[in-house]
Enquirer: 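Right, I'll just put the structure down here and ask away after.
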Amino acid sequence: MSTTGQAAGRFITFEGIDGSGKSTQARLLAEHLRAAGHEVVLTREPGGSPGAEDIRKLVLEGAQDRWTPETELLLFTAARRDHLERVIEPALSRGAIVICDRYVDSTRMYQGIARGDLRAQVDALHALMIKRDPDLTILIDMDPARGLDRALARGGDEERFESFGTEMQARIRRGFLDLANEFADRFVVIEGNRAIEDIAGDIQSLVTQALA
Ligand code: ADP
Ligand code: TYD
């Protein structure tokens with residue numbers, strides 16, 4: 001299943017609009033797989049390693065115009081490279097299952113389409129500096145207005161992207177569905193506007209199948 005290396009592990013990513021339930025479902029999947037005896041590394045982007053968490057603060061806090069989309073793309077890619085070197089690749093080499101809350105498809109969406117017209121640059125940097133693709137990407141699809149309400153209800157300082165509003169979230173939702181078609185070999189789309197346990201049950205079934 002792996003596209004770029006000899007790693008024995010599996011690399012699963014979660015994608016979707018802000019507030020769609022990615023973090024909740026990533027955590028529940030990690031708990032389920034650990035209970036089944038797997039070594040699981042649960043991580044997130046931007047961040048996931050100490051250096052990348054420092055970059056996370058730079059990109060997620062502050063005014064909307066703090067960075068241009070081009071600079072953002074470089075910062076997110078730098079964070080990903082550090083995360084990959086220090087956390088993801090070592091875990092996959094050990095044979096662990098890595099579950100990552102957002103990854104390159106978020107960069108394709110946010111820097112590539114929503115914030116700028118940089119999709120070609122995102123793909124070029126990915127091919128040059130990252131190379132590792134997920135084995136399985138779970139897209140949690142849901143109504144943008146509900147997702148935004150959930151995300152804003154959480155509060156906190158990381159609202160630089162959430163303050164873009166419902167119209168942008170709707171564009172991002174459509175963009176993620178387009179990515180799911182483009183990379184149909186690794187994407188699965190899950191309806192997110194349901195009870196947490198029902199979504200978790202579906203994800204457990206499809207991951208169990210994928211691991212078999
Ligand atoms: P994301 O990581 O996609 O931004 P979270 O998992 O952090 O989303 O969820 C955002 C908020 O919505 C949290 O407060 C979480 O408890 C809540 N939530 C997550 N999934 C559901 C669901 N299926 N139904 C209702 N609330 C949910
Ligand atoms: P995250 O903490 O996952 O937000 P949420 O839990 O609300 O879904 O990600 C923070 C923001 O970073 C999110 O709005 C999407 C954005 N982002 C990018 O713009 N590019 C990227 O490459 C990544 C990984 C995230």
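Reckoned from all heavy atoms, side chains included, excluding hydrogens, waters and symmetry mates. When a ligand or atom number is given, it counts from 1 through the structure's own listing order. We number each residue from 1, following the sequence as shown.
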Enquirer: Please classify the Lys22 to ligand 2 contact at 4.0 Å (heavy-atom distances, strictly less than): side chain, backbone, both or neither.
Expert: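 Under 4.0 Å from ligand 2, Lys22 contributes side-chain atoms alone.
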Enquirer: Not counting sequence neighbours, which residues clear side chain to side chain donor-acceptor pair (under 3.5 Å) with Asp202? List them please.
Expert: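 With sequence neighbours excluded, Asp202 shows a side chain to side chain donor-acceptor pair (under 3.5 Å) to Arg194, given in chain and number order.
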Enquirer: Under 3.5 Å, side chain of Gln204 to main-chain N/O of Leu29, donor-acceptor pair present?
Expert: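 Side chain of Gln204 to backbone of Leu29: no pair is present.
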Enquirer: For the backbone of Leu58 and the side chain of Arg66, can you confirm whether one donor and one acceptor N or O come within less than 3.5 Å of each other?
Expert: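 Yes, Arg66 side chain to Leu58 backbone: donor-acceptor pair under 3.5 Å.
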Enquirer: Tell me, please, which residues at least two apart from Ile130 pass side chain to side chain contact (heavy atoms under 4.5 Å, CB included).
Expert: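 Ile130 satisfies side chain to side chain contact (heavy atoms under 4.5 Å, CB included) with Thr77, Arg80, Arg81, Leu84, Tyr103, His126 only.
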Enquirer: Quick check on contacts: which atoms of ligand 2 are under 4.0 angstrom from a heavy atom of Arg80?
Expert: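 In order of number, 22 (O), 24 (C).
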Enquirer: Should the proximity of Gln25 to ligand 1, defined as any heavy atom under 4.0 Å, be assigned to the side chain, the backbone, both, or neither?
Expert: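 Near ligand 1, Gln25 shows nothing, with every heavy atom at 4.0 Å or more.
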Enquirer: Heavy-atom contacts with Glu45 under 4.0 Å: which atoms of ligand 2 show up? List them by number with element.
Expert: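 Those qualifying, in numeric order: 24 (C).
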Enquirer: Which of these, Gly147, Ala26, Gly21, Ala200, has its nearest heavy atom closest to atom 8 (O) of ligand 1?
Expert: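 The option holding the nearest heavy atom is Gly21.
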Enquirer: Select one of side chain, backbone, both or neither to describe which atoms of Leu60 lie under 4.0 Å from any atom of ligand 2, heavy atoms only.
Expert: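 It is the side chain that touches ligand 2; the backbone stays farther off.
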Enquirer: May I ask you to check if ligand 2 and Thr107 share an N or O to N or O distance below 3.5 Å?
Expert: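 N/O-N/O distance under 3.5 Å: yes.
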Enquirer: Numbering the atoms of ligand 1 from 1, which are under 4.0 Å from a heavy atom of Thr24?
Expert: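 Contacts of ligand 1 toward Thr24, numbered from 1: 5 (P), 6 (O), 9 (O), 15 (C), 19 (C).
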Enquirer: Does Arg10 reach the main-chain N or O of Asp135 with its side chain, forming a donor-acceptor pair under 3.5 Å?
Expert: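 Flag not set: sc Arg10 to bb Asp135 has no pair under 3.5 Å.
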Enquirer: Under 4.0 Å, counting heavy atoms only: does Arg115 come that close to any atom of ligand 2?
Expert: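 No; Arg115 lies far enough from ligand 2 that no heavy-atom distance drops under 4.0 Å.
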Enquirer: Enter the distance from Gln111:CD to Phe76:CZ here, rounded to the nearest 0.5 Å.
Expert: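 These two atoms lie 4.5 Å from each other.
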Enquirer: Could you tell me whether Ile140 approaches ligand 1 through its side chain, its backbone, both or neither, with non-hydrogen atoms closer than 4.0 Å?
Expert: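 For Ile140, no heavy atom sits under 4.0 Å from ligand 1.
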Enquirer: Could you tell me, atom by atom, which parts of ligand 2 come under 4.0 Å of a heavy atom of Gln111?
Expert: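 Every atom of ligand 2 under 4.0 Å from some heavy atom of Gln111: 18 (C), 19 (O), 20 (N), 21 (C), 22 (O).
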Enquirer: Give yes if a backbone or side-chain nitrogen or oxygen of Gly19 is under 3.5 Å from a nitrogen or oxygen of ligand 1, and no if not.
Expert: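 Looking only at distances, the answer is yes, because the N/O contact criterion of under 3.5 Å is met.
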Enquirer: Could you give me the CA-CA distance, side-chain angles and deciding distance for Arg171 and Asp178, then say whether salt bridge (charged side-chain N to carboxylate O under 4.0 Å, His left out) is met?
Expert: CA-CA 11 Å; Arg171 269 183 75 196; Asp178 290 343; over 6 Å; no
Enquirer: Got a salt bridge between Asp149 and Arg146, using NZ or NE/NH1/NH2 to carboxylate O under 4.0 Å?
Expert: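 Result for this pair is no, no salt bridge flagged.
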Enquirer: Report, in ascending order of atom number, the atoms of ligand 1 lying under 4.0 Å from any heavy atom of Ile199.
Expert: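 Answer, ordered by atom number: 23 (N).
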Enquirer: Heavy-atom count around Arg119 CZ within 6.0 Å, excluding the residue itself: above 12?
Expert: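 Counting neighbours around CZ of Arg119, more than 12 heavy atoms of other residues, nucleotides or ligands fall under 6.0 Å, so yes.
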Enquirer: Using a 3.5 Å cut-off on N or O atoms only, is Ser20 in polar contact with ligand 1?
Expert: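 Right, the criterion is met.
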Enquirer: Flag Arg56 as yes when one of its N or O atoms lies below 3.5 Å from any N or O atom of ligand 2, and as no otherwise.
Expert: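 Right, the criterion is met.
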Enquirer: So, regarding Arg102 and ligand 2 (criterion: nitrogen or oxygen to nitrogen or oxygen, under 3.5 Å), is there a contact or not?
Expert: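 Indeed, backbone or side chain, Arg102 has an N or O that close.
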Enquirer: Output yes when Glu53 and Arg44 qualify as a salt bridge under the 4.0 Å nitrogen-oxygen rule, no when they do not.
Expert: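 Between Arg44 and Glu53 there is a salt bridge, with a charged N closer than 4.0 Å to a carboxylate O.
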